[in-house]
Amino acid sequence: MYNRLSLKIAAWTAGLMYPVCIGLLVVLKVRWPWVVGAIFALLMGFVTYAVVYYTVAERLELARSTLRQIRKRRFDNLEATHVPKSPKSDELSVLVRQVYRTGLAMRREIDELKRMENYRREFLGNVSHELKTPIFAIQGFSETLLDGALEDPRVNRSFVDKTLTHAHRLNALVQDLTEISRLETGALKMQPKAFDIEDLVGEVTVELELQAQQNDVTLTYRMLPDLPPVLGDRDRIRQVLVNLCDNGVKYSEAGGTVEIVAAPVPSGEVKISVVDDGIGIAPEHLSRLTERFYRIDKSRSRRAGGTGLGLAIVKHILEAHGRKLSVQSRPGHGSIFSFSLDAAKK
Ligand code: ADP
């Protein structure tokens with residue numbers, strides 16, 4: 001296939017050079033100036049075609065075919081595109097390179113959109129699954145009660161009690177979902193301020209005391225000497241501690257201990273750990289613990305009132321503080337969940 005741009009420029013060159021050649025040949029008194037002039041003009045046309053083809057048309061074609069791939073969303077072939085190595089060589093190379101980079105940027109964006117779409121679909125599936133269980137249970141118990149169990153003193157109270165438990169679960173789930181969506185959309189802004197970690201830890205242990213007692217677990221705390229005030233969003237860090245201690249209590253056996261430890265570290269930060277001697281976590285689960293709805297033992301989590309969102313919320317709050325949650329655990333021996341906060345300047 002011939003190249004139309006090269007052909008056009010070659011035709012113009014030949015057409016313009018023909019009279020010039022004839023003029024020169026007449027002055028030089030060459031025989032058959034019309035024929036010789038035509039041969040010269042044609043030769044110049046050929047040379048121009050080749051030069052334009054190799055310097056311009058080839059790279060224009062490359063830019064066109066790359067754009068075509070982008071338009072058809074065929075990004076797999078993009079890597080195979082032969083992009084000029086040195087983008088500074090001339091404007092055309094810069095253009096080809098820009099087209100190629102636009103393709104790469106679009107591919108990244110489309111990949112991200114697909115990932116988000118999958119994530120959303122999976123999340124919706126999980127949410128509806130989680131909501132179904134308590135809703136069905138509430139429906140089932142209410143229907144059984146209406147069908148006559150209400151008048152049966154052996155079961156009526158326990159059925160109402162179970163209905164209430166499931167209503168509480170539904171409530172916890174909706175609260176955690178609201179929380180996580182606010183955290184993920186960035187609607188929940190952290191307001192870091194200096195605060196006393198010992199005061200906060202004291203409040204958290206009082207809040208969870210009753211739950212710990214009901215599970216026959218001892219909840220204590222230990223503050224190492226010379227603790228400086230820390231910098232963070234107090235209410236959110238409180239939520240982190242509540243979720244971690246709540247897990248410590250839920251996943252410990254009767255007679256177990258959960259301890260919150262705060263210690264200054266040489267980097268000038270304060271490390272806060274929630275240590276339990278509970279059931280522990282096998283290594284293969286550790287990397288997935290903060291995924292939403294990830295539970296090792298689903299029925300144990302549900303029985304204990306877990307929503308499967310506690311650690312996902314913890315992760316988001318710590319990330320918003322620029323921190324990470326670290327977990328060490330041994331099955332049968334217990335777990336340590338820890339994070340650090342900046343010490344506030346006194
Ligand atoms: P849940 O509401 O199920 O507790 P989380 O997100 O708080 O959800 O925790 C996810 C899972 O991680 C739990 O279901 C449990 O299997 C495991 N897990 C969390 N904390 C502990 C712990 N201290 N000891 C043992 N397992 C834990």
Side-chain angles (χ1 to χ4, degrees), residues 119 122-123 126-127 129-134 137 165-184 201 204-205 207-208 211-212 214-221 236-261 271-320 323-339:
Y119 192 56
E122 194 187 319
F123 182 55
N126 282 333
V127 169
H129 178 76
E130 293 295 328
L131 289 173
K132 258 187 224 159
T133 322
T165 306
H166 284 287
H168 282 319
R169 211 179 125 198
L170 211 54
N171 183 34
L173 194 62
V174 170
Q175 271 181 8
D176 276 359
L177 281 171
T178 315
E179 193 71 13
I180 208 153
S181 77
R182 284 165 71 204
L183 280 164
E184 286 187 358
V201 168
V204 171
T205 38
E207 188 179 328
L208 294 176
Q211 192 193 333
Q214 282 166 350
N215 286 268
D216 194 12
V217 170
T218 313
L219 179 60
T220 58
Y221 66 86
R236 299 290 145 210
I237 297 299
R238 175 183 227 276
Q239 200 176 357
V240 167
L241 285 173
V242 167
N243 288 7
L244 294 180
C245 293
D246 176 60
N247 280 349
V249 170
K250 278 192 306 200
Y251 303 110
S252 284
E253 306 297 3
T257 310
V258 177
E259 187 179 41
I260 311 174
V261 184
K271 184 172 176 189
I272 301 144
S273 314
V274 176
V275 187
D276 69 63
D277 56 3
I279 60 172
I281 302 158
E284 65 268 27
H285 296 291
L286 288 179
S287 64
R288 302 196 58 191
L289 284 186
T290 55
E291 283 176 24
R292 298 164 178 159
F293 300 116
Y294 188 81
R295 290 140 155 157
I296 300 165
D297 179 346
K298 281 199 178 63
S299 61
R300 179 168 183 145
S301 158
R302 289 209 175 107
R303 253 186 288 124
T307 60
L309 292 170
L311 289 182
I313 291 175
V314 166
K315 181 186 97 168
H316 279 300
I317 295 176
L318 292 179
E319 270 176 4
R323 302 286 149 170
K324 274 200 164 133
L325 177 70
S326 99
V327 191
Q328 291 160 273
S329 189
R330 268 176 68 204
H333 286 82
S335 314
I336 305 176
F337 286 77
S338 49
F339 60 95

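As the structure lists them, so they are numbered: ligands from 1, and atoms in each ligand from 1.
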A.B. asks: For the side chain of Asp277 and the backbone of Thr257, is there at least one donor-acceptor N/O pair under 3.5 Å apart?
C.D. replies: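 Yes: the side chain of Asp277 pairs with the backbone of Thr257.
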A.B. asks: Quick test: of every protein heavy atom, which one is nearest to atom 3 (O) of ligand 1, and how far off is it to 0.1 Å?
C.D. replies: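 Protein heavy atom with the smallest distance to atom 3 (O) of ligand 1: Ser301 OG, 2.5 Å.
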A.B. asks: At their closest point, which heavy atom of Asp246 faces which heavy atom of Leu208, and how far apart are they?
C.D. replies: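 That would be N-CD1, 3.9 Å.
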A.B. asks: For Arg300, does the CZ atom have more than 12 heavy-atom neighbours from other residues, nucleotides or ligands under 6.0 Å away?
C.D. replies: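 Yes, because the 6.0 Å sphere around CZ of Arg300 holds more than 12 heavy atoms from other groups.
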A.B. asks: Which of the atoms in ligand 1, numbered in the order shown and given with their element, are less than 4.0 Å from a heavy-atom of Tyr294?
C.D. replies: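 Within the 4.0 Å cut-off of Tyr294, ligand 1 contributes 10 (C), 11 (C).
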A.B. asks: For the residue pair Leu244 and Leu325, establish whether any side-chain heavy-atom pair is separated by less than 4.5 Å.
C.D. replies: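 A side-chain contact exists here, since the closest heavy-atom pair is under 4.5 Å.
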A.B. asks: On a heavy-atom basis, I'd like to know which of Asn243, Leu311, Ile281, Asp297 is closest to atom 9 (O) of ligand 1.
C.D. replies: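 It is Leu311 whose heavy atom sits nearest to atom 9 (O) of ligand 1.
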A.B. asks: Can you name the atoms of ligand 1, numbered from 1 with element, that are less than 4.0 Å from a heavy atom of Arg295?
C.D. replies: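 In order of number, 3 (O), 14 (O).
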A.B. asks: For residues 302-315, please give each side-chain donor-acceptor pair under 3.5 Å, one per line with the distance, not counting sequence neighbours.
C.D. replies:
unit_1 : atom_1 : unit_2 : atom_2 : d
Arg302 : NH2    : Glu130 : OE2    : 3.3
Thr307 : OG1    : Asp176 : OD2    : 2.6
Thr307 : OG1    : Leu309 : N      : 3.2

A.B. asks: How far is atom 16 (O) of ligand 1 from the closest protein heavy atom, and which atom is that?
C.D. replies: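 Checking every protein heavy atom, the shortest distance to atom 16 (O) of ligand 1 gives Ile296 N, 3.1 Å.
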A.B. asks: Which atoms of ligand 1 have any heavy atom of Gly310 under 4.0 Å away?
C.D. replies: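 By the 4.0 Å cutoff, the relevant atoms are 5 (P), 6 (O), 7 (O).
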A.B. asks: When you compare the side chain of Asn243 with that of Phe337, does any pair of heavy atoms fall below 4.5 Å?
C.D. replies: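 The answer is no; the side chains never approach within 4.5 Å.
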A.B. asks: Which of the atoms in ligand 1, numbered in the order shown and given with their element, are less than 4.0 Å from a heavy-atom of Thr307?
C.D. replies: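 Here the atoms of ligand 1 in question are 2 (O).
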A.B. asks: Can you pull out the closest protein heavy atom to atom 12 (O) of ligand 1? Residue, atom name and distance to 0.1 Å, please.
C.D. replies: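 Protein heavy atom at minimum distance: Leu289 CD2, 3.3 Å.
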A.B. asks: By number and element, which atoms of ligand 1 are closer than 4.0 Å to a non-hydrogen atom of Lys250?
C.D. replies: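 So the answer, numbered in order with elements, is 1 (P), 2 (O), 4 (O).
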A.B. asks: Compare every heavy atom of Leu241 with every heavy atom of Val274, then report the nearest pair and how far apart it is.
C.D. replies: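 So the minimum-distance heavy-atom pair works out to CG2-CD2, 4.2 Å.
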A.B. asks: Please write down residue, atom name and distance for the protein heavy atom closest to atom 7 (O) of ligand 1.
C.D. replies: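 Checked against all protein heavy atoms, atom 7 (O) of ligand 1 sits closest to Asn247 ND2, 2.8 Å.
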A.B. asks: Which residue supplies the protein heavy atom nearest to atom 21 (C) of ligand 1, what is that atom called, and how far is it?
C.D. replies: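 Heavy-atom neighbour on the protein nearest atom 21 (C) of ligand 1: Tyr251 CD1, 3.5 Å.
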A.B. asks: Do Ser326 and Ser338 have a side chain donor and acceptor closer than 3.5 Å?
C.D. replies: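 Looking only at side-chain atoms, Ser338 and Ser326 do form a donor-acceptor pair, the distance falling under 3.5 Å.
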A.B. asks: Are any of the N or O atoms of Ile279 closer than 3.5 Å to those of ligand 1?
C.D. replies: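 N/O-N/O distance below 3.5 Å does not exist for this pair.
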A.B. asks: Report yes if the side chains of Asn215 and Ser252 come closer than 4.5 Å at any heavy-atom pair, otherwise no.
C.D. replies: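 Asn215 does not reach Ser252 side chain to side chain.
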A.B. asks: Ser335 heavy atoms, cut-off 4.0 Å: which ligand 1 atoms fall inside?
C.D. replies: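 Contacts of ligand 1 toward Ser335, numbered from 1: 24 (N).
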A.B. asks: For atom 23 (N) of ligand 1, what's the nearest protein heavy-atom neighbour? Residue, atom name and distance, please.
C.D. replies: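 Result: Asp276 OD2, 2.9 Å.
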A.B. asks: Return yes if some donor-acceptor pair links the side-chain N/O of Asp276 with the main-chain N/O of Gly278 below 3.5 Å, else return no.
C.D. replies: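 Such a contact is found between Asp276 side chain and Gly278 backbone.
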A.B. asks: Identify, by atom number and element, the atoms of ligand 1 in contact range of Gly308, meaning under 4.0 Å from any of its heavy atoms.
C.D. replies: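 Every atom of ligand 1 under 4.0 Å from some heavy atom of Gly308: 1 (P), 2 (O), 3 (O), 6 (O), 8 (O).
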A.B. asks: Would you check whether Phe337 has a nitrogen or oxygen atom less than 3.5 angstrom from a nitrogen or oxygen atom of ligand 1?
C.D. replies: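 Between Phe337 and ligand 1, no N or O pair is found under 3.5 Å apart.
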